[in-house]
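Notes follow once the structure below has been shown.
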Amino acid sequence: MQILEIKNLTKYYGNILGVESLSLSLEEGEVFGFIGPNGAGKSTTIRSIMNLVNKNEGTILIEGQEFKKDDRKMKERIGYLPSEIHLYDDFTVKEMLDYHESFYQKEIHNRRRKLVKRLKIDETKKIEDLSLGNLKKVGIVLALMHDPKLLILDEPTSGLDPLMQETFFDILKEEKQKGTTILYSTHILSEVSKICDRVGMIKEGHLLKVVTIKELHQKNFNFVTIESSEIEKIITKLKEEVIMREGNFVKIKNTLPPDQLIKLLGDYKLEKLLIEEATLEDLFFHDYK
Ligand code: ADP
(Lines give C-alpha, C1' and ligand atoms only; values in the text may rest on other atoms or scores of the structure.)
Protein backbone atom coordinates (compact mmCIF):
# COMPACT_ATOMS: atom_id res chain seq x y z
CA MET A 1 0.00 0.00 0.00
CA GLN A 2 1.11 3.55 -0.66
CA ILE A 3 1.40 5.33 2.64
CA LEU A 4 2.29 8.72 1.15
CA GLU A 5 1.28 9.95 -2.25
CA ILE A 6 2.21 13.40 -3.55
CA LYS A 7 0.76 14.36 -6.90
CA ASN A 8 1.82 17.44 -8.83
CA LEU A 9 2.70 19.52 -5.80
CA THR A 10 3.39 23.16 -6.64
CA LYS A 11 4.21 25.81 -4.07
CA TYR A 12 5.37 29.35 -4.74
CA TYR A 13 6.12 31.91 -2.03
CA GLY A 14 4.91 34.94 -3.95
CA ASN A 15 7.21 34.85 -6.95
CA ILE A 16 9.74 32.57 -5.32
CA LEU A 17 9.65 28.96 -6.44
CA GLY A 18 9.38 26.45 -3.60
CA VAL A 19 8.56 23.27 -5.56
CA GLU A 20 6.92 22.65 -8.91
CA SER A 21 4.87 19.69 -10.17
CA LEU A 22 6.47 17.33 -7.70
CA SER A 23 5.10 13.80 -7.59
CA LEU A 24 6.34 11.10 -5.27
CA SER A 25 4.93 7.97 -3.65
CA LEU A 26 6.23 6.01 -0.71
CA GLU A 27 5.29 2.39 -0.20
CA GLU A 28 4.55 1.20 3.29
CA GLY A 29 7.77 0.26 5.08
CA GLU A 30 9.98 2.09 2.63
CA VAL A 31 12.82 4.37 3.69
CA PHE A 32 13.19 7.18 1.20
CA GLY A 33 16.08 9.63 1.09
CA PHE A 34 15.15 13.08 -0.07
CA ILE A 35 18.40 14.69 -1.21
CA GLY A 36 19.13 18.16 -2.42
CA PRO A 37 21.21 21.25 -1.76
CA ASN A 38 19.97 24.02 0.52
CA GLY A 39 17.04 25.87 -0.99
CA ALA A 40 16.12 22.95 -3.28
CA GLY A 41 12.58 22.61 -1.93
CA LYS A 42 12.86 19.76 0.58
CA SER A 43 11.37 21.65 3.52
CA THR A 44 8.67 23.12 1.30
CA THR A 45 7.63 19.62 0.26
CA ILE A 46 7.69 18.41 3.84
CA ARG A 47 5.81 21.44 5.17
CA SER A 48 3.22 20.85 2.46
CA ILE A 49 2.83 17.24 3.59
CA MET A 50 2.37 18.46 7.15
CA ASN A 51 -0.11 21.08 5.98
CA LEU A 52 2.04 23.88 7.40
CA VAL A 53 2.09 25.87 4.17
CA ASN A 54 -0.70 26.42 1.69
CA LYS A 55 0.17 24.67 -1.53
CA ASN A 56 -0.79 26.25 -4.84
CA GLU A 57 -1.56 23.00 -6.57
CA GLY A 58 -1.50 19.26 -6.11
CA THR A 59 -2.80 16.59 -3.79
CA ILE A 60 -1.09 14.90 -0.90
CA LEU A 61 -2.57 11.73 0.52
CA ILE A 62 -1.48 9.87 3.63
CA GLU A 63 -2.85 6.34 3.72
CA GLY A 64 -5.24 7.48 1.01
CA GLN A 65 -6.57 10.50 2.88
CA GLU A 66 -5.90 14.22 2.91
CA PHE A 67 -4.27 15.30 6.14
CA LYS A 68 -6.03 18.05 8.07
CA LYS A 69 -4.11 19.86 10.80
CA ASP A 70 -6.64 19.02 13.49
CA ASP A 71 -7.03 15.36 12.52
CA ARG A 72 -5.91 13.79 15.79
CA LYS A 73 -6.13 10.21 14.59
CA MET A 74 -3.86 10.87 11.67
CA LYS A 75 -1.48 12.91 13.82
CA GLU A 76 -0.96 9.84 15.94
CA ARG A 77 0.24 8.02 12.85
CA ILE A 78 2.79 10.62 11.79
CA GLY A 79 6.05 11.63 13.43
CA TYR A 80 7.54 14.90 12.22
CA LEU A 81 10.95 16.35 12.97
CA PRO A 82 11.23 19.86 11.53
CA SER A 83 14.58 21.21 10.36
CA GLU A 84 14.30 24.03 12.89
CA ILE A 85 12.73 23.14 16.19
CA HIS A 86 10.70 25.79 17.96
CA LEU A 87 9.43 24.93 21.44
CA TYR A 88 8.30 26.95 24.42
CA ASP A 89 11.47 28.53 25.76
CA ASP A 90 10.48 28.76 29.41
CA PHE A 91 9.34 25.13 29.69
CA THR A 92 11.66 22.49 31.01
CA VAL A 93 12.23 19.48 28.75
CA LYS A 94 10.06 17.42 31.11
CA GLU A 95 7.20 19.92 30.91
CA MET A 96 7.47 20.03 27.12
CA LEU A 97 7.44 16.25 26.79
CA ASP A 98 4.58 15.94 29.34
CA TYR A 99 2.61 18.50 27.38
CA HIS A 100 3.02 16.62 24.10
CA GLU A 101 2.40 13.29 25.74
CA SER A 102 -0.97 14.53 26.99
CA PHE A 103 -2.23 14.90 23.41
CA TYR A 104 -2.02 11.21 22.69
CA GLN A 105 -4.75 8.85 23.60
CA LYS A 106 -2.53 5.79 23.73
CA GLU A 107 0.04 5.00 26.40
CA ILE A 108 3.39 6.31 25.23
CA HIS A 109 5.21 7.15 28.45
CA ASN A 110 7.33 4.05 28.48
CA ARG A 111 8.58 4.62 24.97
CA ARG A 112 9.30 8.27 25.76
CA ARG A 113 11.30 7.25 28.83
CA LYS A 114 13.39 4.81 26.83
CA LEU A 115 14.11 7.36 24.10
CA VAL A 116 15.08 10.01 26.64
CA LYS A 117 17.49 7.59 28.26
CA ARG A 118 18.98 6.39 25.01
CA LEU A 119 19.52 9.92 23.69
CA LYS A 120 20.93 11.00 27.07
CA ILE A 121 18.52 13.89 27.53
CA ASP A 122 18.40 15.87 30.76
CA GLU A 123 14.69 16.50 31.34
CA THR A 124 15.33 19.09 34.06
CA LYS A 125 16.95 21.55 31.64
CA LYS A 126 15.03 24.53 30.34
CA ILE A 127 14.35 24.59 26.60
CA GLU A 128 16.02 28.01 26.22
CA ASP A 129 19.24 26.65 27.74
CA LEU A 130 19.55 23.74 25.32
CA SER A 131 22.32 23.61 22.72
CA LEU A 132 21.30 23.00 19.10
CA GLY A 133 22.17 19.32 19.42
CA ASN A 134 20.22 18.86 22.64
CA LEU A 135 17.22 20.64 21.17
CA LYS A 136 17.43 18.28 18.20
CA LYS A 137 17.37 15.31 20.55
CA VAL A 138 14.19 16.60 22.19
CA GLY A 139 12.76 17.02 18.68
CA ILE A 140 13.64 13.40 17.91
CA VAL A 141 11.79 12.21 21.03
CA LEU A 142 8.76 14.31 20.07
CA ALA A 143 8.78 12.80 16.57
CA LEU A 144 9.19 9.22 17.75
CA MET A 145 7.57 8.84 21.16
CA HIS A 146 4.08 7.99 19.90
CA ASP A 147 5.40 5.17 17.71
CA PRO A 148 4.28 6.65 14.37
CA LYS A 149 3.77 4.61 11.22
CA LEU A 150 5.16 7.39 9.03
CA LEU A 151 8.26 9.31 10.07
CA ILE A 152 9.09 12.57 8.34
CA LEU A 153 12.57 13.81 9.15
CA ASP A 154 13.89 17.14 7.90
CA GLU A 155 17.69 17.35 8.24
CA PRO A 156 17.57 15.22 11.38
CA THR A 157 21.29 14.97 12.11
CA SER A 158 22.26 18.64 11.90
CA GLY A 159 23.68 19.62 15.28
CA LEU A 160 24.06 16.05 16.56
CA ASP A 161 27.56 14.97 17.49
CA PRO A 162 28.91 11.86 15.71
CA LEU A 163 28.20 9.50 18.62
CA MET A 164 24.62 10.70 18.89
CA GLN A 165 24.23 10.38 15.13
CA GLU A 166 25.17 6.76 15.47
CA THR A 167 22.61 6.20 18.23
CA PHE A 168 20.04 7.96 16.08
CA PHE A 169 20.81 5.71 13.09
CA ASP A 170 20.50 2.66 15.33
CA ILE A 171 17.04 3.86 16.35
CA LEU A 172 16.08 4.43 12.71
CA LYS A 173 17.31 0.98 11.73
CA GLU A 174 15.07 -0.50 14.40
CA GLU A 175 12.17 1.57 13.09
CA LYS A 176 12.85 0.32 9.60
CA GLN A 177 12.92 -3.26 10.84
CA LYS A 178 9.54 -2.68 12.45
CA GLY A 179 8.10 -1.51 9.15
CA THR A 180 7.93 2.24 9.80
CA THR A 181 7.89 4.27 6.59
CA ILE A 182 10.50 7.02 6.66
CA LEU A 183 10.95 10.13 4.55
CA TYR A 184 14.46 11.34 5.29
CA SER A 185 15.49 14.73 4.00
CA THR A 186 19.11 15.81 3.96
CA HIS A 187 21.80 17.42 1.82
CA ILE A 188 24.25 14.63 2.70
CA LEU A 189 23.85 11.61 0.46
CA SER A 190 26.21 9.26 2.30
CA GLU A 191 24.03 9.67 5.38
CA VAL A 192 20.90 8.18 3.85
CA SER A 193 22.67 5.41 2.01
CA LYS A 194 23.02 3.65 5.36
CA ILE A 195 19.30 3.07 5.72
CA CYS A 196 17.46 4.14 2.56
CA ASP A 197 15.92 1.90 -0.06
CA ARG A 198 15.45 4.67 -2.59
CA VAL A 199 16.85 8.14 -3.06
CA GLY A 200 15.25 11.09 -4.81
CA MET A 201 17.22 14.13 -5.89
CA ILE A 202 15.54 17.52 -5.74
CA LYS A 203 17.04 20.67 -7.21
CA GLU A 204 15.57 24.11 -7.77
CA GLY A 205 12.09 22.89 -6.88
CA HIS A 206 12.08 19.90 -9.22
CA LEU A 207 12.45 16.24 -8.41
CA LEU A 208 15.15 15.29 -10.90
CA LYS A 209 15.57 11.61 -10.43
CA VAL A 210 14.68 8.73 -8.17
CA VAL A 211 16.88 5.64 -7.94
CA THR A 212 17.21 2.67 -5.66
CA ILE A 213 20.42 2.35 -3.64
CA LYS A 214 20.90 -0.99 -5.39
CA GLU A 215 20.80 0.69 -8.80
CA LEU A 216 23.35 3.23 -7.60
CA HIS A 217 25.78 0.53 -6.64
CA GLN A 218 25.31 -1.20 -9.98
CA LYS A 219 26.59 1.90 -11.76
CA ASN A 220 29.98 0.47 -11.72
CA PHE A 221 32.85 2.81 -12.32
CA ASN A 222 35.99 3.96 -10.60
CA PHE A 223 38.60 6.63 -11.08
CA VAL A 224 41.97 5.81 -12.57
CA THR A 225 44.85 8.26 -12.42
CA ILE A 226 47.85 7.54 -14.61
CA GLU A 227 51.19 9.22 -15.14
CA SER A 228 52.98 8.12 -18.29
CA SER A 229 55.12 9.53 -21.10
CA GLU A 230 52.80 7.60 -23.42
CA ILE A 231 49.68 9.27 -22.03
CA GLU A 232 48.18 10.19 -25.43
CA LYS A 233 48.33 6.61 -26.64
CA ILE A 234 46.83 5.35 -23.39
CA ILE A 235 43.89 7.75 -23.58
CA THR A 236 43.18 6.70 -27.17
CA LYS A 237 43.45 3.03 -26.28
CA LEU A 238 41.21 3.07 -23.18
CA LYS A 239 38.40 5.07 -24.83
CA GLU A 240 37.13 6.15 -21.41
CA GLU A 241 35.97 9.56 -20.27
CA VAL A 242 38.81 11.90 -19.33
CA ILE A 243 38.03 13.93 -16.23
CA MET A 244 41.29 15.80 -15.82
CA ARG A 245 44.41 16.10 -17.94
CA GLU A 246 47.61 17.84 -17.04
CA GLY A 247 50.88 17.14 -18.84
CA ASN A 248 51.66 13.44 -18.47
CA PHE A 249 48.89 13.01 -15.90
CA VAL A 250 45.36 11.93 -16.67
CA LYS A 251 42.36 11.05 -14.50
CA ILE A 252 39.84 8.79 -16.16
CA LYS A 253 36.36 7.62 -15.26
CA ASN A 254 36.89 3.94 -15.82
CA THR A 255 34.11 1.48 -16.61
CA LEU A 256 36.39 -1.39 -17.67
CA PRO A 257 36.70 -4.42 -15.40
CA PRO A 258 40.07 -4.48 -13.58
CA ASP A 259 41.61 -7.40 -15.50
CA GLN A 260 40.82 -5.75 -18.83
CA LEU A 261 42.18 -2.41 -17.62
CA ILE A 262 45.45 -3.96 -16.46
CA LYS A 263 45.80 -5.87 -19.72
CA LEU A 264 45.40 -2.71 -21.79
CA LEU A 265 47.75 -0.72 -19.58
CA GLY A 266 50.33 -3.52 -19.67
CA ASP A 267 51.43 -2.41 -23.13
CA TYR A 268 52.69 0.93 -21.86
CA LYS A 269 55.33 2.33 -19.58
CA LEU A 270 53.63 3.74 -16.47
CA GLU A 271 55.19 6.08 -13.92
CA LYS A 272 52.16 6.08 -11.65
CA LEU A 273 48.85 4.25 -11.38
CA LEU A 274 46.10 4.96 -8.87
CA ILE A 275 42.67 3.35 -8.83
CA GLU A 276 40.07 4.95 -6.58
CA GLU A 277 36.63 3.73 -5.76
CA ALA A 278 33.75 6.04 -6.69
CA THR A 279 31.90 7.37 -3.69
CA LEU A 280 28.15 7.26 -3.47
CA GLU A 281 28.16 10.98 -4.28
CA ASP A 282 30.12 10.29 -7.47
CA LEU A 283 27.70 7.54 -8.47
CA PHE A 284 24.66 9.68 -7.83
CA PHE A 285 25.77 13.01 -9.18
CA HIS A 286 27.86 12.05 -12.20
CA ASP A 287 24.91 12.54 -14.58
CA TYR A 288 24.61 16.16 -13.50
CA LYS A 289 28.19 17.27 -13.86
P1 ADP B 1 15.41 23.12 1.35
O2 ADP B 1 14.57 22.58 2.44
O3 ADP B 1 15.73 22.13 0.29
O4 ADP B 1 16.64 23.82 1.85
P5 ADP B 1 13.27 25.07 1.05
O6 ADP B 1 12.04 24.29 0.76
O7 ADP B 1 13.45 25.58 2.43
O8 ADP B 1 14.55 24.25 0.58
O9 ADP B 1 13.31 26.32 0.06
C10 ADP B 1 12.96 26.26 -1.32
C11 ADP B 1 12.93 27.68 -1.87
O12 ADP B 1 11.83 28.38 -1.29
C13 ADP B 1 14.16 28.52 -1.56
O14 ADP B 1 14.43 29.35 -2.65
C15 ADP B 1 13.74 29.31 -0.35
O16 ADP B 1 14.45 30.54 -0.28
C17 ADP B 1 12.27 29.54 -0.63
N18 ADP B 1 11.49 29.69 0.63
C19 ADP B 1 11.33 28.76 1.58
N20 ADP B 1 10.54 29.21 2.58
C21 ADP B 1 10.18 30.46 2.23
C22 ADP B 1 9.37 31.48 2.83
N23 ADP B 1 8.76 31.29 3.99
N24 ADP B 1 9.24 32.66 2.15
C25 ADP B 1 9.85 32.87 0.98
N26 ADP B 1 10.62 31.96 0.35
C27 ADP B 1 10.80 30.77 0.96
Side-chain angles (χ1 to χ4, degrees), residues 3-26 30-62 66-69 78-87 132-133 135-140 142-144 148 150-160 165 168-169 172 181-211 213 216 280-281 283-289:
I3 195 154
L4 173 67
E5 199 177 359
I6 305 173
K7 276 189 268 184
N8 283 316
L9 172 67
T10 297
K11 167 68 188 170
Y12 275 82
Y13 301 91
N15 289 328
I16 302 168
L17 170 68
V19 290
E20 190 159 84
S21 304
L22 186 141
S23 297
L24 175 69
S25 294
L26 262 64
E30 179 175 28
V31 181
F32 188 89
F34 201 34
I35 303 288
N38 287 331
K42 303 181 296 295
S43 292
T44 301
T45 306
I46 285 177
R47 284 194 213 114
S48 303
I49 300 170
M50 296 309 296
N51 229 331
L52 298 170
V53 292
N54 292 319
K55 54 187 186 294
N56 297 106
E57 267 174 62
T59 39
I60 300 175
L61 302 177
I62 295 174
E66 286 213 42
F67 175 42
K68 309 247 169 19
K69 258 189 254 177
I78 306 171
Y80 169 49
L81 177 66
S83 56
E84 282 165 32
I85 300 155
H86 299 285
L87 301 169
L132 190 65
L135 191 62
K136 200 82 181 189
K137 293 196 290 186
V138 175
I140 292 170
L142 291 175
L144 276 158
L150 172 62
L151 249 185
I152 298 178
L153 308 169
D154 198 352
E155 299 277 355
T157 54
S158 62
L160 290 185
Q165 285 191 20
F168 176 63
F169 276 113
L172 288 190
T181 310
I182 305 174
L183 176 63
Y184 189 121
S185 157
T186 178
H187 61 281
I188 310 160
L189 179 65
S190 53
E191 207 170 75
V192 296
S193 69
K194 293 181 199 160
I195 51 158
C196 286
D197 306 299
R198 278 197 305 158
V199 181
M201 159 84 171
I202 181 170
K203 207 173 166 187
E204 289 161 12
H206 295 268
L207 188 64
L208 296 181
K209 91 174 177 182
V210 177
V211 288
I213 289 289
L216 268 189
L280 207 62
E281 259 84 2
L283 296 171
F284 193 73
F285 290 112
H286 81 285
D287 292 347
Y288 295 98
K289 277 181 182 158

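Whatever order the structure lists them in is the order used to number ligands and atoms, beginning at 1. These numbers come from the heavy atoms of this one structure, side chains and all, not from hydrogens, waters or symmetry mates. These numbers come from a predicted model, not from an experiment.
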>> Can you confirm whether F169 sits close enough to E191 that some side-chain heavy atom of one is under 4.5 Å from a side-chain heavy atom of the other?
In response: yes
>> So, using side-chain contact (heavy atoms from CB on, under 4.5 Å) as the criterion, who are the partners of L132 when residues are at least two apart?
In response: none
> So which protein residues pack against ligand 1 under 4.0 Å, heavy atoms counted?
Replying inline: Y13, I16, L17, G18, P37, N38, G39, A40, G41, K42, S43, T44
Closest heavy-atom pair and its distance - [X], [Y]:
{"X": "Y80", "Y": "A143", "result": "O-CB, 3.6 Å"}
{"X": "F32", "Y": "V199", "result": "CZ-C, 4.1 Å"}
{"X": "I35", "Y": "I188", "result": "CD1-O, 4.1 Å"}

> Does the side chain of T10 come under 3.5 Å of the side chain of N56 through a donor N or O and an acceptor N or O?
Replying inline: no
